[in-house]
There are 2 protein chains.
Amino acid sequence: MELTERQQQIVNISIKLIADQGIQNLTIKNISKEAGFSEPAIYRHFDSKYAIIMAMLDSFQDISRFVLTETEKQGLDSISKIKKFLFDRYQRFSANPSAAKVMFAEGIFRDDPRYSQKMLDIMHQHASTMQNIIREGQFKGELRADISAREMFRIIFGSLRLLINQWGLADCNFDLKLEGELLWIAVKKMIT
Amino acid sequence: MELTERQQQIVNISIKLIADQGIQNLTIKNISKEAGFSEPAIYRHFDSKYAIIMAMLDSFQDISRFVLTETEKQGLDSISKIKKFLFDRYQRFSANPSAAKVMFAEGIFRDDPRYSQKMLDIMHQHASTMQNIIREGQFKGELRADISAREMFRIIFGSLRLLINQWGLADCNFDLKLEGELLWIAVKKMIT
DNA sequence: CAATAGTTAGTGAACGATAACTAATGTCAA
DNA sequence: TTGACATTAGTTATCGTTCACTAACTATTG
């Protein structure tokens, strides 16, 4: 699913449009206006609007997969792995606020079951990788074992998501990386 | 902002439509089809589509306000207050899954700044009330004091939101109240 | 007879998508 | 080296459909 330069441009514009003005304003017209060429030109690069959105979701999935495997393969202790994952997210979203707003708002993609399935897949990807790391940490005694991996995942990942959503709602008017560090310090205290 | 029976019906249908098919399929036509009368009849009860969505968000706000004041006024210790709030949410959303999907998906309402402002207000309502309860609990020694109220709120509320979103994504195929109780047990261990 | 709540018919605008055309570039045999 | 042709990526004009919404009318009720 390699995207051409133009396709990538169209996908990036789509992310920005959704983040700034909502899914309702993701129209071929608005994309073309932003891209600087005519509406039909879009169809030289994508078969349909559906294909554009699907390419967008695929790119989200690729990023997730990359970060998760990156995180897992390094020979770190479980706490460092979790920290690395969280900080990578804060880093990445600070650099690309639009992606943050769209990626963590799966309620947007409910109009087509293929979209929601993709979002579910991504969520599942996160959940299963993180829970493996958590279980490993519990086994090694690095993490407290009186809380199931599922619950611990919900606490770690849920607080991350809320923070990022608050940041998006508040128009990015605070330092996400800083607040993320503070949150991590608090979470770390709780899970060890 | 008292709603007539018909207005309430239209709002409920709208919530269901968004939950089931996404905001893109919230159209006057679909509402009227679901309601069983013609499109123009909708305009006997609301001035515009905007007014319908705003009434919906207002009803969310009313519910939130009610639950939060209910929670706060009872002379309980802070932990019981938090528990009561969480369980009320699980109870309410179990009974009304559509509302859960819509209410906790603020990414849906980004196309009009008046919508996002309302969602921000609701979030703020939750945050400030809960943080007051948390601070009170920390002062009384019921909650650990080495974590700021803001972080603790993000952990408690973020994990609740994630659980509810997972439940929505998974088509309500697990027992929300049961999972909610398990999550609460885990969270309680961490915050005391 | 006035108010309420419904109807049918229809508005202009915006939607996603297509047809037909064109300019620029790449390929390759004579 | 060059001319014929195909490919790529853009254009304008337009399609049928759907959108939110309105005008004009009607049946029911107090």
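Proteins come first, then strands; the chains are lettered A, B, ... in the order of their sequence lines, and each starts at number 1. Small disclaimer: the values here were computed from a predicted structure and weren't measured.
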Check the phosphate of [N] against [X], side-chain N and O only, distance under 4.0 Å to OP1 or OP2. Yes or no?
| X | N | result |
| --- | --- | --- |
| A:His45 | D:dG10 | yes |
| A:Arg44 | D:dT11 | no |
| A:Ser38 | D:dG10 | no |

Could you tell me how far apart [X] ([atom1]) and [N] ([atom2]) are, to the nearest whole angstrom?
| X | N | atom1 | atom2 | answer |
| --- | --- | --- | --- | --- |
| A:Ile28 | C:dA13 | CD1 | P | 22 Å |
| A:Lys29 | D:dA13 | NZ | C1' | 14 Å |
| A:Asn30 | C:dA17 | CG | C1' | 16 Å |

To the side chain of B:Tyr43, which of C:dG6, D:dC21, D:dT11 is closest? D:dC21
Side chain of A:Pro40 only, heavy atoms from C-beta on: which candidate in D:dA20, D:dT12, D:dG10 is closest?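 Selected nucleotide (nearest to the side chain): D:dT12.
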Taking the cut-offs as 6.0 angstrom to the six-membered ring centre and 45 degrees off its axis, would you call A:Lys118 and A:Tyr115 a cation-pi pair? no
Please work out if A:Phe37 contacts a base, only the sugar-phosphate, or nothing of the nucleic acid, heavy-atom cut-off 4.0 Å. sugar-phosphate
Reckon A:Leu26 touches a base, only the sugar-phosphate, or nothing at all at heavy-atom distances under 4.0 Å?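 Counting heavy atoms under 4.0 Å across all strands, the contact made by A:Leu26 is with sugar-phosphate only.
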Can you confirm if the aromatic rings of B:Phe85 and B:His126 lie within a centre distance of less than 6.0 Å? yes
